[in-house]
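Notes to accompany the following structure.
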Amino acid sequence: MDLAGAALDDGLPSDRLLRVTVAQWSAALVWAAADGTIVGANPWFAQLAARPLESLIGRPLPALLDLGGRDWSAVWDGAHGGRAPPGIGTLCAPRSEPVPVDLHWQTLTDGSEPLLLCEMRSFDERERAEAVARLQQDVLELVATGRSLRLVLDFLCRQVETCAPELACSVMLRDDENRMRVIAGPSLPAGYSAAIDGLEIGPGVGCCGSAMWRGEAVLATDIANDPLWAGYSDSALMHGLAACWSNPIKGRDARVLGSFALYYHEPRGIAPFHRRLVEACVHLCALAIEHDRARAEINRLAYFDTLTGLPNRQLLTDRATAALALAGRTRQPVTLMFLDIDRFKTINDSLGHAVGDELLVEVATRLKRLFIDGDTLARLGGDEFVALLPGCDAAHASLLAERILATLAVPATIADLTLTPTASIGIAVHPDDGGDFDTLLRQADAAMYRAKQAGRNRCHFFRRDMNEQAVRRLEMEAALREALSRQEEASRTGGDGPFELHYQPQVRLKPPCLHRVEALIRWTHPRWGMVSPVEFVPLAEECGLIDRLDSWVLETAVAQLARWRAAGVPVPGMAVNVSAVRFARGDLPDQVHAVLTANGIPATDLTLEITERLMMTEEVGVHDALDALHALGVTLSIDDFGTGYSSLSYLKRFPVGELKIDRSFVKELDIDAANRPLVRAMIQIGESLGLTVVAEGVERDTQHRMLEAEGCGIGQGYLFARPMPADALAVWLAAEGKVWTDCGPGCCFSI
Ligand code: C2E
Ligand code: MG
Ligand code: MG
């Protein structure tokens, strides 16, 4: 297309006519390509932009023309989709004030590359008034189309700043605690916005705080010397704000909703045009804020229960549908818990609805505290509550149900009566009990009904096997709690408790010698016999007992090491498993230091086995604890390496000294050829990072030989020795284990 004014050739009379038309057109014209490059312009445009016409060709138009908050691609797409409403922009001219301009867009296509023609006119005061009218219309349109309040007010500020580029404006809201909250201020410096956000509204709090306090406009022509700004002026002046005019925004009932403020970069008063802008904008802001509040109220009425403030059935259905769709992709469980207050009808009928309502509010308040972000607790109506728990499996659900029953069972005083609310709970878990919300709700309801039949104040799973598991879990939690207390008591009095530590040797493969022993906890229950740590350690983590359990293990294992050494049993070092949960409490390094010192064991003889899961955490406290333990001289070993986290970058970031290849890889090493390259790769990772590598679960000689051939340093497994009590280990070392303590000078531990 050769309409480019600068490039029009002499040609046919009609071409010349066209050229003259373009050159003498009463408005500035500029043509741009899809990427915003100027391909042509007329002399008016050059004059407005205060640059030679030739120098403009090839430059990006968006660099010269501020589109008042819109970006170029949106304008281009809008125009080509037949929707490029006229707007206001600002043309930047070198060495002079930016020029506010009216913009009209026209697409041009003749079969070759499409162009966008922009016709622009600078506007005078009268035209500015028209711009204000247009601004009002644009803002109202945004409000009507349901855009967020923040977006509407941000747009409003940007449009005002386009009409009057000499100022910056902001909108502040008054919150429930009578503080001011910056909701829009696109060109206010971020540091300044942060400084004023949250200030309490009061008589001498800058222009905005004072305007909201008094309910009338407040002007400071010179912030530096204005008494209202005493205490606040530094931050404004530092950010180049020298004068301010703030106007309260009032609702229909004359209550102050917020403020609309204009800031100037030099001390000055208000121009008449600014007055007109503010009159229009204060009204628009009030309208947008009230519209937003009305919408929120409608939303509240449609989606929330008015008595308890909890989500209602509609919102629960929406959230459950979304959670189940997501769970289908992520394969996460979703639990639905149906809770019905026991004998609520009797309370309602005998004590009246007002008491019933109060009880419902009390129950809702107690329940709310038990759920975490992401859970939804809804009231379906009457005395029925439903909790939607994404990511929660049956085991967690049973613990939570237990907590709910305990929380409800505390007596409440309602209307001078003491009532003890109890409830029956039914639980259904996706995907086992149903794929869609209606089915799950029905199953949870049925389970709740069975809980009622079974005597109320209890929880029932939809499936029988889950009930059995849940009961065992609850029993085990109680037993674990009691066992731990007895153990702690036994440690104080020097007796035996239900827990014991067994020790399993870790041996150096070449030349053979004892490397250290790993302490492994054992629990003997009077009825269940030996309970595996695989079962009770995760339970201890979930019910908050792991700190106590791991502390006991650490103290006992280190004391045992000291006892062996005192008795001349040559055990070179001790490895202790520490749960990731234990790291969350910041005192681990202090405890380790204290235990080592108390027993006279050097930190280098202690290894803490941690899982890869711990490395995933971003918690600063955990990183600090790892660093502190490393600084003490303790070795950190990654247990079950290869089963947890897919990224290995943590190996660089954390002071890890050892990798323990998980049993599952060693198990099939001599059976399934595919395992060998994996084990080789893990050994090489360890080697290249200078880490010790331990292989767990070595049961056969063939595995031993393969590991040795691949260069693995240390082995642990039944082939060498099973975990055994402390006395047995001393016997083993003295007899069978002799070979492991007789491996030549400089290798073995000696005492
Ligand atoms: P882990 O730390 O990976 O411990 C190694 C597990 O493998 C031990 O099981 C050990 O008995 C077993 N094992 C050792 N050699 C062989 C073998 O050749 N073949 C087979 N099949 N198994 C072998 P255990 O003692 O049942 O412990 C299981 C897990 O429980 C431990 O895995 C550890 O994660 C946890 N655990 C044990 N004691 C403690 C403790 O004191 N604190 C914490 N937090 N966790 C512990
Ligand atoms: Mg371990
Ligand atoms: Mg392991």
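Note that the structure is a prediction, hence the values are computed from the model and not measured. No hydrogens, no waters, no symmetry mates; every other heavy atom, side chains included, goes into these values. Counting starts at 1 for both ligands and their atoms, in listed order. Note that the numbering runs from 1 along the sequence shown for the chain.
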Q) Which residue owns the protein heavy atom closest to atom 16 (C) of ligand 1, what's the atom, and how far is it? A) Tyr718 CE2, 3.3 Å
Q: Using distance alone, decide if ligand 1 has a nitrogen or oxygen within less than 3.5 Å of any nitrogen or oxygen in Asn577.
A: yes
(Q) So if I count the atoms of ligand 1 from 1 in the order they appear, which ones are less than 4.0 Å from some heavy atom of Val534? (A) 28 (C)
(Q) Between ligand 1 and Glu518, can you find any atom pair, the residue atom being a heavy atom, that is separated by under 4.0 Å? (A) yes
Q.
Could you walk me through whether Gln716 and Lys660 satisfy the side-chain contact (heavy atoms from CB on, under 4.5 Å) test, starting with their C-alpha distance in whole Å, then the side-chain angles of each, then the deciding distance to 0.1 Å, before giving a yes or no?
A. CA-CA 9 Å; Gln716 176 178 359; Lys660 286 188 77 177; 2.9 Å; yes
Q. Can you say whether the rings of Trp528 and Trp523 are parallel (under 30°), tilted (30 to 60°) or perpendicular (over 60°)?
A. perpendicular
Q.
Taking 4.0 angstrom as the limit and counting only heavy atoms of Pro723, give me the atoms of ligand 1 inside it, by number and element.
A. 11 (O)
Q: Give the residue, atom name and distance (to 0.1 Å) of the protein heavy atom nearest atom 32 (O) of ligand 1.
A: Asp639 OD2, 4.5 Å
**Q.** Validation row, ring centre His704 to ring centre Phe720 under 6.0 Å
**A.** yes
Q.
List ligand 1 atoms under 4.0 Å from Gln504, heavy atoms only on the residue side.
A. 10 (C), 14 (C), 15 (N)
Q: Find out whether the Lys NZ or Arg CZ of Arg722 is both under 6.0 angstrom from the six-membered ring centre of Tyr718 and within 45° of the ring's axis.
A: yes
(Q) Below a 4.0 angstrom heavy-atom separation, can you tell me which part of Thr611, side chain or backbone, both or neither, approaches ligand 1? (A) neither
(Q) Is the contact between Lys660 and ligand 1 made by the side chain, the backbone, both, or neither, using heavy atoms and a 4.0 Å cut-off? (A) neither
Q | Proximal atoms of ligand 1 relative to Glu696 (non-hydrogen, under 4.0 Å) | A | 3 (O)
Q | 4.0 Å protein heavy-atom contact status of atom 34 (O) of ligand 1, strictly under | A | no
Q | Derivation of the side-chain contact (heavy atoms from CB on, under 4.5 Å) call for His460 and Lys452 | A | CA-CA 9 Å; His460 219 276; Lys452 290 254 187 227; over 6 Å; no
Q) Quick one: which ligand 1 atoms are inside 4.0 Å of a heavy atom on Val553? A) 41 (O)
Q: Determine whether more than 12 heavy atoms belonging to other residues, nucleotides or ligands lie under 6.0 Å from atom NE2 of His502.
A: yes
Q. Tell me: protein heavy atom nearest atom 31 (C) of ligand 1, and distance?
A. Leu520 CD2, 4.3 Å
Q. Side chains of Thr422 and Asn457: donor-acceptor distance under 3.5 Å anywhere?
A. no
Q | Test item: Ser532 side-chain N/O and Val534 main-chain N/O as donor-acceptor pair under 3.5 Å | A | yes
(Q) Please check this pair: side chain of Thr524 against backbone of Met530, looking for a donor-acceptor N/O pair closer than 3.5 Å. (A) no
Q: Give the single entry among Pro533, Ala575, Pro505, Ser579 that approaches atom 24 (P) of ligand 1 most closely by any heavy atom.
A: Pro533
Q. Once you round to the nearest 0.5 Å, how far does CG of Leu596 lie from CE of Met574?
A. 11.0 Å
**Q.** Among Gln703, Arg663, Gln506, closest by any non-hydrogen atom to atom 7 (O) of ligand 1
**A.** Arg663
Q) In terms of the angle between their ring planes, are Trp564 and Tyr503 parallel, tilted or perpendicular, with boundaries placed at 30° and 60°? A) perpendicular
Q: Write the atom name of the N, O or S atom in Glu518 that is nearest the Mg ion (ligand 2).
A: OE2
Q: Quick one: look at Asp550 and ligand 1, take heavy-atom pairs under 4.0 Å, and tell me if it's side chain, backbone, both or neither.
A: side chain
(Q) Using 2.8 Å as the threshold, say whether any N, O or S atom from Ser637 sits that close to the Mg ion (ligand 2). (A) no
Q) So, are Arg492 and Glu488 salt-bridged, with charged N and O less than 4.0 Å apart? A) no
Q | Around the Mg ion (ligand 3), number of protein N/O/S atoms which are nearer than 2.8 Å | A | 4
Q. Backbone N or O of Lys667 within a donor-acceptor pair of the Arg700 side chain at under 3.5 Å?
A. yes
Q: May I ask you to list the atoms of ligand 1 that are less than 4.0 angstrom from any heavy atom of Glu699?
A: 17 (C), 18 (O), 19 (N), 20 (C), 21 (N)
Q. Would you say Ile521 and ligand 1 have an N/O pair spaced under 3.5 Å apart?
A. yes
Q | From CA spacing to verdict: side-chain contact (heavy atoms from CB on, under 4.5 Å), Arg582, Gln591 | A | CA-CA 11 Å; Arg582 175 72 183 86; Gln591 193 204 1; 2.8 Å; yes
Q. By side-chain hydrogen bond (donor to acceptor under 3.5 Å, both in side chains), which residues pair with Asp662, not counting sequence neighbours?
A. Ser664
Q: Take Glu402 and Glu477, measure what side-chain contact (heavy atoms from CB on, under 4.5 Å) needs, and give me the verdict at the end.
A: CA-CA 11 Å; Glu402 188 202 11; Glu477 187 192 330; 3.5 Å; yes
Q: Give a yes or no on whether a salt bridge exists between Glu668 and Arg676, defined as a side-chain N under 4.0 angstrom from a carboxylate O.
A: no
Q) Would you say atom 21 (N) of ligand 1 has a protein heavy atom nearer than 4.0 Å? A) yes
(Q) Below 4.0 Å from ligand 1: does a non-hydrogen atom of His502 turn up there or not? (A) no
